[in-house]
Every structure is written in structure tokens, then in C-alpha cells.
Amino acid sequence: MPKGLVVAAVDPGSIAEEMEIEVGDRVLTVNDEEINDIIDFQLGISEEDYTILIEKPNGELWEIDIEKDSGEFLGLEVETISAEGLKVCRNNCTFCFIAQMPKGMRASLYDKDDDYRLSLTQGSFITLSNLSEDEIERILRMHLGPLYISVHAWNPEVRARLMKNPHAGKLPEQLKRFADAGIVVHAQVVLVPDHNDGDVLRETIERLAELYPSVQSIGVVPVGLTRYREQLTPLRGFSSAEANGILDQAERWQKHFFEHTGQHLVYFADEFYIIAGREFPEALVYDDFPQLENGVGMARKFINEIEAGWKQLPEEITERHVHVITGTSAQELFELWRGRLMDKVSGLKLTVHAIRNDFFGSSVTAAGLVTAQDIAHQLGNLLGEEFLIPRVMLKADEDIFLDDLSVEWLEEKVNGKASIVENNGLSFLEQVIGYSLEVERFE
């Protein structure tokens, strides 16, 4: 009997609900093909007509014929990505963020997954260092993509040393095989001073660029360091001068790649511009913003979205005081817009709270790594006033912070009313003034 995948959720009004498929049922086969992982499942149900074999919790087997229109969905989610569970990371990276985390956070944050199926379905970055030849052949045969790959260094010796895994040095060969097969790749480089910068970075960018159009984007982000690095390899962050030198080279690469491919191809995290004290590039430099989730271009997109809604703002509103919560890296940006918004809209008072990250350490400045307890300790009593929490601070499917504390807990601690702001400038404007704007949305 195939192991199959267990149903985790059924969408109301969906085909799955109509067919009486329920949470806890197990999907065994589609068109007599065994379902071993999410790829088997998604491929099977992509057809307009198919037969699905379900095992009920009591052991009953239901064979269900599905007929649906093109673009219509079955409407169910499964618990795990495969019957055997996730493929775990076999590396021990010098800069691993998970190794720098304290106890007491959400359990899922300590999972070191490195599964190519998560890369396909959720855009998670993987290293390829645990792929078997059979799995590589499957990717090639089924033309699976796009893949999001953590490269870090093209040089095999440097990469193996950074990741403390001899298998990590196979990456150039793997990427060339994917490129020959036309597999789309988005690459990531976590840049560590004195380890993979300088000539190592230059080689990495240039070799990856040679694989265009298979390699569609290269995101470069600075290493993240917390205060929990006891007994770990000593590392440091980038200085302002170093960040400026890196961005000078970035502009030369972007100009060259744009002239030859029509794409700027390599994109640097917002944090580099903050460290360097530079303005963020214009939107055209980010092309179609392929690495937003990597913190690359988020600030520019946010600014453009605010500007798109600017003319729709009212001249006056009923008096309201709103508190804006963010990380220290975005303080200057929000203070700038705070002043502009209060000049633009009479009756509006904004206070920006750039939360110092005592939990991870002050060198961690991103809003997405701010915890509820740090907000509570630094905010004080809001006397019932509204405060804005960016969605990026919370778990994807729950209103829970990294330290496993809820928004409701935080509201009680600071005596305030929380509003969760989606990760775009228009949502920010709307939450600030208290109602929706009739503006075209950015995707």
C-alpha cells in the first residue's frame, strides 16, 4: 500500500469538499500513480480529469473521479511535502543563522530543511549538497523549476570550507547541468567579510552570469550575526567603506549585464545601501523584483507604492495618533515619511518606534527579526492608541512573533490596539489614515 500524503486542510466550497474529502484522509494515488511527495501530487491533479484514491482514517478506500474546468483547483492542502518528511540540511555553515538563535522561539525556526521540493513550491533557498543523482535526474527529466539556490561561492574549495561539507564543492557541475537542461535558477550569495567577498565574489558573479538565461537573478545579502555566537567561528559585519566599495562594483556589473542581456541580473540587499549610507536604486535597477523575499528591493518597492497613493491622501482627517513599529535599519526611511505625511494630512500624528534588537543583538536590524518582548520593553504604555505591526514580523499563517508570543499578548503588554500592515506601501498609508485608497495595486 502506498504511503501517500495526509490531507491537512480542505477549502470551503471546493471540489474536494464536494467529494467529501476531509482533513485526516490520506491521498494514495492519482490515476494509479503512487503519491510519494508534493510533486507527484501537484502533477497528478493538474489534469482536468483524473481518478484519486483516498484512504479514510477508518481504513476505507474511496476511488473518486474528478472532472474540473481548466484553471479550477481541487482545493486541498497536504500535511507534509513527502511521505518521508523533509530533507534536512547536511551543512554546518560558518554563518548559519539557525546556529546563532537562542532557545525559546517557535519550534519550526530550528528546522534545518534543505529540500528541493520546498524550493519549487515555496521559493525556499537550498544548497543542493544533499541531492542524490536520482534526484538530480528527476529534476532534469521533469524540468522542475524555478529552483532557488544558495550559492555563496563558485569556487569549490571556498564553498566547501564555508559550508563545512565536501559535497558543497559539486555546485558548479550541478548548475551547469541545470543550465544545459534549461532549468530556471535564482541564486543567492550570503556575503561574509574575508571569506567570500573580493575576488571570490567577482568569480561567483561572473560564472553565474555566464549561465544566463538559466540563472535569472543573483541576490547578494550581507551575513547576519546575532549575539549568540559562543564557540562559533568569529565573524564580523561590513563597514560602511566596504559596503560602498561593493556597491560601486555592483553598479559596474549591473551596467554590463544590462547591456548584454537586458537584465541587471545581480541585485544587492537593501541592507548594503543602509550600511553604505546610500539612497536605494530606482525600481528599474531591480527589473521585476525577483528577490523581494530576500530583502532585495523591498525599500524601493515600498517607496514607489507610497508615491502611487500620495495624491489620493486626504488633506485632513479626524485626529488620530498612530505608532509605527519597525527595525532600526528602516528608521531613517520611516522618519522621512513620518514628516511628509504629517505635513500632508492635517489631524494625523505619527510616532516611529525603531526597536533595538536586544533579543538577537543590536547588529541585527531588520524588522522581520524583531520580537514581541523587545517591542513590549521599549514601547511602554500606549494608553489605548493604535500601533502598526508589519506582517513581516509575524509567522506566515498566524499572528505569532519569532519569540512565540502573540499579537494579543503584545496588545495587553503595551495597552494598545494592534493593526497588522501588509508588506507594501499602500497598506501602510491606508492603516495610517484609517481607510482604503482607490489606487491600482502593485503585485
Side-chain angles (χ1 to χ4, degrees), residues 38 81 86 89 93 95-98 101 105-106 108-109 111-128 144-152 183-191 208 215-224 250 263-274 280-281 283-306 326-327 329-330 333 357 360 364-370 389-402 420-428 441-443:
I38 193 69
I81 202 161
L86 286 174
C89 181
C93 294
F95 50 84
C96 178
F97 198 83
I98 293 176
M101 294 199 305
M105 304 175 70
R106 294 198 306 263
S108 61
L109 295 175
D111 294 337
K112 294 182 66 175
D113 59 76
D114 193 14
D115 199 308
Y116 73 99
R117 293 161 299 195
L118 275 183
S119 188
L120 290 165
T121 58
Q122 298 182 21
S124 300
F125 280 92
I126 57 171
T127 66
L128 305 181
L144 300 176
L147 290 173
Y148 293 79
I149 300 176
S150 291
V151 173
H152 307 318
I183 304 294
V184 172
V185 168
H186 295 280
Q188 175 197 57
V189 175
V190 174
L191 203 59
L208 287 172
V215 173
Q216 284 284 301
S217 72
I218 308 164
V220 184
V221 302
V223 62
Q263 299 289 317
H264 294 85
L265 197 57
V266 61
Y267 315 96
F268 284 73
D270 296 354
E271 191 173 350
F272 274 115
Y273 295 92
I274 294 169
F280 301 108
L284 61 86
V285 172
Y286 297 101
D287 298 315
D288 59 350
F289 291 91
Q291 298 219 17
L292 274 176
E293 298 302 319
N294 220 357
V296 179
M298 291 184 71
R300 172 48 62 192
K301 182 172 179 288
F302 186 87
I303 292 168
N304 284 8
E305 288 163 343
I306 288 181
T326 188
S329 64
L333 173 65
N357 203 319
F360 284 114
V364 176
T365 61
L369 295 173
V370 169
I389 300 171
R391 171 66 68 182
V392 71
M393 288 185 183
L394 305 175
K395 189 177 179 181
D397 54 351
E398 291 184 68
D399 293 343
I400 302 293
F401 289 86
L402 283 172
I420 298 170
V421 183
E422 299 304 320
N423 303 321
N424 65 73
L426 284 175
S427 289
F428 170 72
R441 305 282 147 168
F442 284 76
E443 297 297 334

Handout entry: Aromatic ring proximity, centroids under 6.0 angstrom, Phe97 and Phe360
Key = yes
Exercise for the section: May I have the step-by-step check of side chain to side chain donor-acceptor pair (under 3.5 Å) for Asp287 and Tyr267, ending in yes or no? Expected result: CA-CA 9 Å; Asp287 298 315; Tyr267 315 96; 2.5 Å; yes
Problem - Atom pair CG (Asp288) and NE2 (His264), whose distance is rounded to the nearest 0.5 Å - result: 12.0 Å
Handout entry: Worked verdict on Val189 versus Val221 for side-chain contact (heavy atoms from CB on, under 4.5 Å)
Key = CA-CA 6 Å; Val189 175; Val221 302; over 6 Å; no
Exercise for the section: Quick one: closest heavy-atom pair of Ala283 and Asn304, and the distance? Expected result: CB-ND2, 3.3 Å
Problem - Spacing of Ile420 atom CD1 and Met393 atom CE [to the nearest 0.5 Å] - result: 11.5 Å
Exercise for the section: Give the ring-plane orientation class for Phe289 versus Tyr286, where under 30° counts as parallel, over 60° as perpendicular and anything between as tilted. Expected result: parallel
Exercise for the section: Measure from the ring center of Phe302 to the ring center of Phe428 and say whether it is less than 6.0 Å. Expected result: yes
Exercise for the section: Compare all side-chain heavy atoms of Ile149 with those of Phe125 and state whether any distance is below 4.5 angstrom. Expected result: no
Practice task
Would you confirm whether Asp115, through its side chain, and Leu86, through its main-chain N or O, come within 3.5 Å as a donor-acceptor pair?
Solution key: no
Exercise for the section: Would you check if the side chain of Ser329 reaches a backbone N or O of Thr365 as a donor-acceptor pair within less than 3.5 Å? Expected result: yes
Practice task
Grab the two heavy atoms, one from Val223 and one from Val190, that are nearest each other, plus how far apart they are.
Solution key: CA-CG1, 3.9 Å
Exercise for the section: Would you indicate whether the side-chain heavy atoms of Tyr116 and Leu144 approach each other to under 4.5 Å? Expected result: yes
Exercise for the section: Could you grab the distance from atom NE2 of His186 to atom CG of Leu208, nearest 0.5 Å is fine? Expected result: 13.0 Å
Practice task
Taking the side chain as every heavy atom from C-beta outward, state whether Ile81 and Thr121 have any pair of such atoms under 4.5 Å apart.
Solution key: yes
Exercise for the section: Report the C-alpha separation of Lys301 and Asp270 in whole Å, then their side-chain angles, then the decisive distance to 0.1 Å, and conclude whether the salt bridge (Lys or Arg N to Asp or Glu O under 4.0 Å) test is met. Expected result: CA-CA 11 Å; Lys301 182 172 179 288; Asp270 296 354; over 6 Å; no
Exercise for the section: State yes or no: are the ring centers of His152 and Phe95 separated by less than 6.0 Å? Expected result: yes
Practice task
Quick one: closest heavy-atom pair of Ala367 and Thr326, and the distance?
Solution key: CB-OG1, 4.1 Å
Problem - Verdict with reasoning, Leu394 to Ile400, per side-chain contact (heavy atoms from CB on, under 4.5 Å) - result: CA-CA 5 Å; Leu394 305 175; Ile400 302 293; over 6 Å; no
Completion exercise
Nearest heavy-atom approach of Ala187 to Val151 is CB-CG2, 3.8 Å
Fill in the blank from the handout: Heavy-atom nearest pair, Ser217 first then Gln291, reads OG-NE2, 3.0 Å
Exercise for the section: Measure from the side-chain N and O atoms of Asn294 to the backbone N and O of Val296, and report whether any donor-acceptor pair falls under 3.5 Å. Expected result: no
Handout entry: Glu293 atom CD, over 12 foreign heavy atoms within 6.0 Å
Key = no
Exercise for the section: Calculate, to the nearest 0.5 Å, the distance between atoms CD and CD1 belonging to Gln122 and Ile38 respectively. Expected result: 9.0 Å
Exercise for the section: Please check if the side chain of Gln188 supplies one atom and the backbone of Ser150 the other of a donor-acceptor pair under 3.5 Å. Expected result: no
Problem - Minimum side-chain heavy-atom gap Glu305-Ser427 below 4.5 Å - result: no
Problem - Any side-chain heavy-atom pair of Val220 and Val266 under 4.5 Å - result: yes
Completion exercise
Shortest non-hydrogen pair, Pro281 vs Arg300, comes out as O-NE, 2.7 Å
Exercise for the section: Side-chain contact test, heavy atoms from C-beta onward, threshold under 4.5 Å: evaluate it for Val185 versus Tyr148 and give yes or no. Expected result: no
Handout entry: Side chain Arg391, main chain Val421, donor-acceptor under 3.5 Å
Key = no
Exercise for the section: Report yes if the side chains of Leu147 and Ile183 come closer than 4.5 Å at any heavy-atom pair, otherwise no. Expected result: yes
Exercise for the section: Mind checking the CG-CD1 spacing from Leu333 to Ile306? Nearest 0.5 Å is all I need. Expected result: 6.5 Å
